[in-house]
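Protein chains get the first letters and strands the later ones, always in sequence-line order, with residue 1 at the start of each.
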Amino acid sequence: MSNTERQNNSKEIKPKNFIYEIIDEDLKTNKWNGRVHTRFPPEPNGYLHIGHAKSICLNYGIAEHYGGKFNLRFDDTNPEKEEQEYVDSIIEDVKWLGANFGEKVLYASDYFEQMYNYAVELIKKGKAYVCDLSSEEVTATRGTLTQPGKESPFRNRSVEENLDLFERMRKGEFPNGSKTLRAKIDMASPNLNLRDPIMYRIVHEEHHRQGNAWCIYPTYDWAHGLEDSIEGITHSICTLEFENHRPLYDWFLDELGVYHPQQIEFARLNLSFTVMSKRRLLQLVKDGYVDGWDDPRMPTISGYRRRGYTPGAIKNFTEMIGVAKRDALTNISLLEYAIRDDLNKRAQRAMAVLRPLKIVLTNYEGEEELDAVNNPEDPKAGTRKVKFTKELYIEQTDFMENPPKGYHRLIPGGEVRLRYAYIIKCEEVIKNEKDEVVELRCTYDPETKSGSGRSSKKVKGTIHWVSTKYAVTSEVRLYDRLFTVENPGTKEDWLKTINPNSLEIIENAKLEPLLKNAKPLDKFQFERMGYFCVDTKYAIKEKLVFNRTVTLKDSWVFKK
RNA sequence: UGCCGGGUCGUCUAAUGGCAGGACAGCGGCCUUUGGAGCCGUAUGUAGAGGUUCGAAUCCUCUCCCGGCAGCCA
């Protein structure tokens with residue numbers, strides 16, 4: 001083996017991140033009998049966002065990489081916040097991302113009976129007790145970061161009494177908040193999570209799957225490790241804020257003496273110019289700042305889908321950003337790179353004029369069909385015909401009466417190439433009474449037909465155009481970042497940093513006829529303008545609506 | 001100031017005692033019938049101070065900074 005080969009080889013087997021290293025080591029020591037089993041455990045209390053996508057790609061990617069298993073499990077332990085709508089959307093999003101979760105979706109609520117039995121076991125061991133303290137009293141006796149808490153007066157009830165009370169809790173004999181089941185650990189622990197944490201609370205509320213079968217619900221700390229244990233998860237991967245909960249995760253499983261997965265924490269994704277907490281996203285939706293969870297400006301999976309992102313781009317993005325333990329604020333430009341990179345290779349090209357300016361070719365008569373390339377990155381995509389006529393639309397921004405230095409497009413008396421067509425010269429500028437340019441009179445040079453090879457003429461710029469006669473009219477929605485500051489989530493008055501211009505609706509864009517029959521989510525590159533896809537909500541038979549996924553990278557900068 | 005965790009180019013992330021590398025974003029150039037794409041080049045980083053060592057981003061000590069934790073949320 002040569003040196004280069006060895007290097008390439010070692011590159012391939014290099015672990016992707018610290019979690020892969022842990023798993024490699026576990027495999028080496030046969031810690032889990034060669035098994036790798038991960039899971040994604042969302043609470044159905046909101047839609048999934050790009051941060052969840054990171055977790056899904058990480059967990060599913062691990063299962064895929066090691067030939068292991070991956071579960072989708074709803075952590076549905078709080079009926080007050082959870083809804084079936086969220087369950088449905090989450091399943092759709094996970095599937096869309098391409099994560100295969102085996103035969104069926106799993107639910108923590110299916111384990112309620114077993115969790116109850118485990119709780120009874122802990123009571124019998126003298127490790128759990130029913131506490132009559134109110135919520136306020138529990139808070140007051142928990143102590144502070146620097147001071148130990150006080151033990152509950154109900155801490156030393158007999159096993160018999162605890163068993164009786166716990167059973168009656170389940171039967172519904174007590175009102176909300178009147179009693180809890182608590183683990184008996186250590187009220188003086190420097191880790192506040194270990195100060196007799198609540199395992200069950202009384203909530204008389206209908207559960208979206210269990211109906212009224214239960215009125216006591218397990219807390220996250222009690223339930224989560226059990227869910228992992230019951231499913232035989234090997235690596236229970238979660239975000240950093242649960243690091244302080246790991247000792248409790250371990251305590252419950254050890255006291256029960258049951259199968260004990262390993263919890264590993266990584267840093268959640270933060271994206272610049274957006275918010276990522278479900279609470280804030282919910283507020284944006286509820287208060288009408290956006291057009292629902294799937295608004296194309298939202299960092300939700302459904303929002304990105306509607307915006308025109310692809311699962312592949314999101315997956316590549318999550319691989320680009322990596323996985324580590326330090327807090328990070330990832331620049332949105334990485335995500336934009338990922339989608340441009342993907343769409344550049346796959347998107348059908350088309351010409352579309354967003355803000356039309358009419359031009360008349362005074363020396364052109366008749367019409368003809370010109371050849372246009374469908375995708376320069378993919379020769380197999382072939383070519384198409386584009387109708388060329390005497391009257392055309394060009395982009396308003398592709399003409400300037402008083403251009404700055406370095407402007408390559410059309411100017412009075414200047415020449416520019418029409419993409420796939422001829423070089424034209426601007427002979428006359430027609431204005432209205434408000435001194436606005438409303439039309440251009442131009443001449444074309446028949447010797448300069450694209451692909452003819454007859455022209456020796458060179459021009460700096462090439463602009464796109466659409467025949468006025470054959471153009472299709474469409475609404476186009478242009479999106480900008482939802483917030484004006486890099487990290488809005490850290491601010492109390494984050495709502496004040498919303499970008500008032502995050503959505504611009506253009507009602508009268510002129511498109512190449514090819515786009516007339518585009519279906520929802522069909523993706524295109526509008527040449528020189530960006531990537532666009534058909535909207536799923538507002539596009540109807542009579543009216544096309546395109547969403548701008550992302551602009552093309554524009555290297556032309558106005559130089560003063 | 002209790003406990004836990006973390007500090008590497010502007011950003012994200014590698015290097016596991018042995019040349020601080022990659023990606024994105026910059027910048028410069030080439031090419032181009034998309035000012036797209038592509039190609040080439042380039043600058044910028046180990047929080048600080050000591051110590052161990054032939055050799056330290058990596059190990060030790062101290063300091064500084066950042067994040068998380070006082071829900072019957074997850």
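Ring centers of A:Tyr337 and A:Phe317: at least 6.0 Å apart, outside the cut-off. Between A:Phe252 and A:Trp222, the ring center distance clears the sub-6.0 Å criterion.
Rounding to whole angstrom units, CG of residue A:Asp327 and P of B:A47 are separated by 16 Å. In this structure, A:Asn78 places its CG atom 5 Å from P of B:A74, rounding to the nearest Å. One interatomic measurement links the two molecules: CZ of A:Phe266 to P of B:C4, which rounds to 23 Å at whole-angstrom precision. Following rounding to the nearest Å, A:Gln147 (CD) and B:C69 (C1') show an atom-to-atom distance of 16 Å. Residue A:Glu486 contributes atom CD, which lies 14 Å from atom C1' of B:C24 at whole-angstrom precision. Between the OH atom of A:Tyr420 and the C1' atom of B:G36 there is a distance of 11 Å, given to the nearest Å.
Between the side chain of A:Asn244 and the base of B:G68, at least one donor-acceptor pair of N or O atoms lies under 3.5 Å. One cannot find a donor-acceptor pair under 3.5 Å joining the base of B:U1 and the side-chain atoms of A:Thr146. Between the side chain of A:Arg417 and the base of B:U33 there is at least one donor-acceptor pair of N/O atoms closer than 3.5 Å.
Between A:Asn344 and A:Phe18, it is A:Phe18 whose nearest contact on RNA chain B lies nearer the 5' terminus.
The separation of B:C31 from B:G35, taken at their P atoms, amounts to 16 Å, rounded to a whole angstrom. The separation of B:U13 from B:U8, taken at their P atoms, amounts to 8 Å, rounded to a whole angstrom.
Listed nucleotides B:U34, B:G2, B:A25 differ in distance to A:Pro190; the shortest reach to its side chain belongs to B:G2. In the set B:G35, B:G2, B:A37, the nucleotide with an atom closest to the side chain of A:Thr462 is B:G35. The side chain of A:Arg349 approaches B:G36 more closely than any other nucleotide in the set B:C24, B:G36, B:C73. Distance from the side chain of A:Arg326 is smallest to B:U13 among B:C24, B:C72, B:U13. The side chain of A:Glu527 approaches B:U34 more closely than any other nucleotide in the set B:U34, B:G5, B:C72.
Residue A:Ser555 is in sugar-phosphate contact alone, with no base atom involved, counting any heavy-atom pair closer than 4.0 Å across all strands shown. Residue contacts shown for A:Glu243 are limited to sugar-phosphate atoms, with no base heavy atom under 4.0 Å away. Residue contacts shown for A:Thr77 are limited to sugar-phosphate atoms, with no base heavy atom under 4.0 Å away.
A perpendicular orientation is assigned to the rings of A:Tyr47 and A:Tyr86, their planes being inclined by more than 60° (bins at 30° and 60°).
OP1 and OP2 of B:U11 both lie 4.0 Å or more from every side-chain N or O belonging to A:Ser272.
Residue-environment remark: CZ (A:Arg170) exceeds the threshold of 12 foreign heavy atoms within 6.0 Å.
Regarding the sugar-base torsion, B:G48 falls in the anti class, its angle being beyond 90° of 0.
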